[in-house]
Amino acid sequence: MTYTSDFLRVLDERGYIHQITDAAALDAAASAGVVTAYVGYDCTAPSLHIGNLVSIMMLRALQQTGHRPIVLMGGGTTKVGDPSGKDDARQLLDDARIEANKASIRRIFERFLSFDGPNAAIMVDNDDWLSGLAYIPFLRDIGRHFSVNRMLTFDSVKLRLDREQPLSFLEFNYMILQAYDFLELSRRAGCVLQMGGSDQWGNIVNGTDLIRRVDAKPAFGLTTPLITTADGAKMGKTANGAIWLHEDALPNWDYWQFWRNTHDADVGKFLKLFTDLPLDEIARLEALEGAEINAAKVALANAATALCRGAEAAAAAAETAAATFAGGAGDDLPGFAVAGPTNILDALIGLGFAASKGEARRLVAGGGARIDGEAVGEDAQAGPGARISAGKKRHGVLTQA
RNA sequence: GGAGGGGUGGCCGAGCGGUCAAUGGCAGCAGACUGUAAAUCUGCCGGGUUUUCCCUACGUUGGUUCAAAUCCAACCCCCUCCA
């Protein structure tokens, strides 16, 4: 459908929309005035990753089109654990860990959202209202609105049951708590929209239903598609782990390289989702063919890195890339301090290119280890200043200890 | 409580006394080809070492045996059916 509100039009054009509970009504609401919407983030790790970035960018788009974003930290729900899309119960985190994760995650949002101004973003923590709930009153006020029959039909639950995997009562309650969050935000902040990934659809719908039943207020849900790469893989999962948004979890250089290595077929999609570049510029970039599309990938890497890590970090990474792939080295490359001539195997391990001597040896045997661009054997030595490469993409420099 | 089935390397999944560090697939890494792309082909893919060799590993703990992922016992966990 075509939207009249800037908000939904932008989301639609850029590929953020998978499902909406009542698109026409939400469009009308967003046209008529300021909409307050939220996305929840559980505190399961000290950093958010690429998988969360879609919804963060969506909150950004919301704010840019004049509406008010709420970032909900799931300090309370993390204590329960979301079963959505999980085969097994998530390991429970202790309170101290959750607190630490929460504190760490918060910082990310300051890069993407503005927390002051007329439609300032706000940040809340559901631990504030969940942890103090009294069981019996909660069951009587909220629990009675949930049909177990219906809950059993939601994918997050059904999947577990179908796969004959256990689902604890604790996890089973997650969707009720998430629905209650939405109700709470509706009451506290006039929030009318919850957004999230497509795996959150069931949880979100529970929230909109609850608000209608209890308060007879408008409530909408909107989900993003699961972002996959052109070869069908879930985006952002690499062998080395997730692509983290925090620089202390993943260096700027690696973050930039992740975007730079996007598949050809994904460039346009990613530019729309993960950068603020105007659509006509994106159209021009994604139309590039052959080797020229590399220019689009650089633009993507620059823009995405600038958003998350800052313009300086993006420029430094771009500079390093230009120098490195021309055969030189740049400041952003990983370094390993050595006192003098060092064996290639130790250098590879020190730079993190191999996890063990055996792996380093295999890398060398396969012809993938290079010193200053020259393939070497396993007896080779390199000293400070040497450029060490593992394959064609991973490069590092030995520094003086 | 009773009967039966099952727990294997990042994942899936074979093996069911030695020839098993464990077939195969996926994922991953490297090489060739390229554009720091895709596809394809090739090699690698527990750790330490010069291949020989040693160590760790098939839910946990013991046991039988010259020898166990494979047999036995106990325990833990999961699934199915019955009560």
Side-chain angles (χ1 to χ4, degrees), chain A residues 83 85-89 91-92 159-168 171 228-243 251-271 285-302 304-305 314 317-330 332-334 343-349 351-371 373-380 387-396:
Chain A
K86 306 238 167 8
D87 283 349
D88 304 304
Q91 198 182 354
L92 286 178
L159 196 82
R160 277 287 182 83
L161 298 180
D162 287 349
R163 303 195 64 166
E164 299 179 346
Q165 293 292 327
L167 176 76
S168 70
E171 293 174 282
T228 55
T229 58
D231 52 14
K234 195 169 174 179
M235 183 193 178
K237 292 281 178 196
T238 70
N240 304 328
I243 301 299
N252 293 333
W253 165 248
D254 293 301
Y255 191 76
W256 192 92
Q257 278 291 308
F258 168 77
W259 295 107
R260 172 61 251 266
N261 282 303
T262 298
H263 297 345
D264 286 11
D266 291 325
V267 172
K269 176 163 72 175
F270 287 2
L271 280 166
L285 287 169
E286 71 178 326
L288 296 172
E289 301 214 354
E292 297 199 330
I293 198 157
N294 283 328
K297 295 183 187 181
V298 170
L300 169 63
N302 284 339
T305 306
E319 207 171 296
T320 292
T324 302
F325 289 92
D332 264 13
L333 291 185
N343 180 264
I344 181 68
L345 300 180
D346 296 321
L348 288 168
I349 293 170
L351 285 162
F353 296 158
S356 67
K357 277 230 166 126
E359 192 181 323
R361 218 183 294 276
R362 273 177 240 128
L363 189 62
V364 171
R370 296 188 183 78
I371 296 176
E374 296 292 320
V376 296
E378 63 179 70
D379 294 327
R387 188 176 85 127
I388 307 295
S389 307
K392 290 182 179 136
K393 295 185 190 172
R394 291 181 296 168
H395 306 280

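All values derive from a computational prediction rather than experimental measurement. A, B, ... follow the sequence lines: proteins, then strands. Residue 1 opens every chain. Any value given below was found using the heavy atoms of this structure, including those in side chains, with hydrogens, waters and symmetry copies removed.
- Contacts of Glu292(A) with the nucleic acid, taken as non-hydrogen atoms under 4.0 Å apart, are absent.
- Arg260(A) places a side-chain heavy atom less than 4.5 Å from the side chain of Asn294(A).
- Here, A21(B) and C53(B) have their P atoms 10 Å apart, quoted to the whole Å.
- Counting non-hydrogen atoms under 4.0 angstrom, Gly290(A) reaches a base of the nucleic acid.
- Between Val298(A) and Trp256(A) the shortest side-chain heavy-atom distance falls below 4.5 Å.
- In this structure, Arg362(A) reaches the sugar-phosphate backbone alone: every heavy-atom distance under 4.0 Å involves primed, P, OP1 or OP2 atoms, never a base.
- Closest approach of His395(A) to Ser389(A), counting heavy atoms only: ND1-OG, 2.7 Å.
- Looking at heavy atoms from C-beta onward, Leu288(A) lies out of side-chain contact with Val267(A) at the 4.5 angstrom threshold.
- Remark: the separation of the C1' atoms in U64(B) and G17(B) is 11 Å, to the nearest Å.
- Distance Glu319(A) CD to U36(B) P: 19 Å, rounded to the nearest Å.
- For the pair Asp264(A) CG and U36(B) P, the computed distance is 11 Å after rounding to whole Å.
- The same atom, P, is picked in C71(B) and in G5(B); the two are 13 Å apart, to the nearest Å.
- Nearest to the side-chain atoms of Arg361(A) among the listed nucleotides U36(B), U50(B), A32(B) stands U50(B).
- Taking OG1 of Thr305(A) as the reference point, atom CD of Gln257(A) lies at 9.5 Å (rounded to 0.5 Å).
- Distance, Glu289(A) CD to A38(B) P: 17 Å, rounded to whole Å.
- If you measure from atom CG of Asn302(A) to atom P of U36(B), you get 17 Å, rounded to the nearest angstrom.
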For RNA chain B, the expected dot-bracket line (Watson-Crick or G-U under 3.5 Å, [ ] crossing, | inter-strand) is ((((((((.[[[..)..(.....]]].(((((.......))))).(((....)))...[[[[[..)....]]]]]))))))).
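- Contacts of Ala365(A) with the nucleic acid, taken as non-hydrogen atoms under 4.0 Å apart, are absent.
- Residue Lys393(A) places at least one side-chain N or O closer than 4.0 Å to OP1 or OP2 of A37(B).
- Counting only heavy atoms from C-beta on, Lys392(A) has its side chain closest to G31(B) among G35(B), G31(B), A30(B).
- Among G35(B), G48(B), C29(B), the nucleotide with an atom closest to any side-chain atom of Leu363(A) is C29(B).
- If you take CD1 of Ile349(A) and C1' of G47(B), they are 11 Å apart, rounded to a whole angstrom.
- Going from atom CG of Leu345(A) over to atom P of G47(B) covers 13 Å, rounded to whole Å.
- Partner Lys297(A) forms a side-chain hydrogen bond (donor to acceptor under 3.5 Å, both in side chains) with one of Asp264(A), Thr262(A), Asn261(A) and no other, that one being Asp264(A).
- Side chain of Asn261(A), nearest nucleotide from G48(B), U36(B), C29(B): U36(B).
- With RNA chain B read from its 5' end, the first of the two nearest nucleotides for Ala321(A) and Gly391(A) is the one closest to Gly391(A).
- In this structure, Leu348(A) CG and Leu363(A) CG are separated by 5.5 Å, a value rounded to the nearest 0.5 Å.
- Side-chain contact between Arg394(A) and Leu351(A) is absent, with no heavy atoms from C-beta onward closer than 4.5 Å.
- Atom name C1', nucleotides C77(B) and C45(B): the rounded distance is 31 Å, in whole Å.
- Ile293(A) places its CD1 atom 14 Å from the C1' atom of U36(B), with the value rounded to the nearest Å.
- Here the separation of A69(B) from A57(B), taken at their C1' atoms, is 10 Å to the nearest Å.
- Side-chain contact between Asn343(A) and Glu378(A) is absent, with no heavy-atom pair separated by less than 4.5 Å.
- Proximity note for Lys357(A) (side chain, C-beta onward) versus A38(B), G48(B), U34(B): the nearest is G48(B).
- Taking atom P on both nucleotides, C54(B) is separated from A68(B) by 15 Å, rounded to a whole Å.
- Taking the C1' atom of each, A14(B) and U23(B) are spaced 6 Å apart, rounded to whole Å.
- You'll find the side chain of Phe325(A) stays beyond 4.5 Å of the side chain of Lys392(A), heavy atoms only.
- Using a 4.0 Å cut-off, no side-chain N or O of Arg394(A) falls inside it from OP1 or OP2 of C29(B).
- Residue Glu359(A) contributes atom CD, which lies 11 Å from atom C1' of G46(B) at whole-angstrom precision.
- For Phe325(A) and Ala369(A), each mapped to the nucleotide of RNA chain B holding its nearest heavy atom, the one lying further toward the 5' end belongs to Ala369(A).
- Going from the C1' atom of A27(B) to that of C11(B) covers 8 Å, rounded to whole Å.
- Using a 4.0 Å heavy-atom distance criterion, Trp259(A) is classed as making no nucleic acid contact.
- Under 4.0 angstrom from either OP1 or OP2 of A37(B) there lies no side-chain N or O belonging to Thr262(A).
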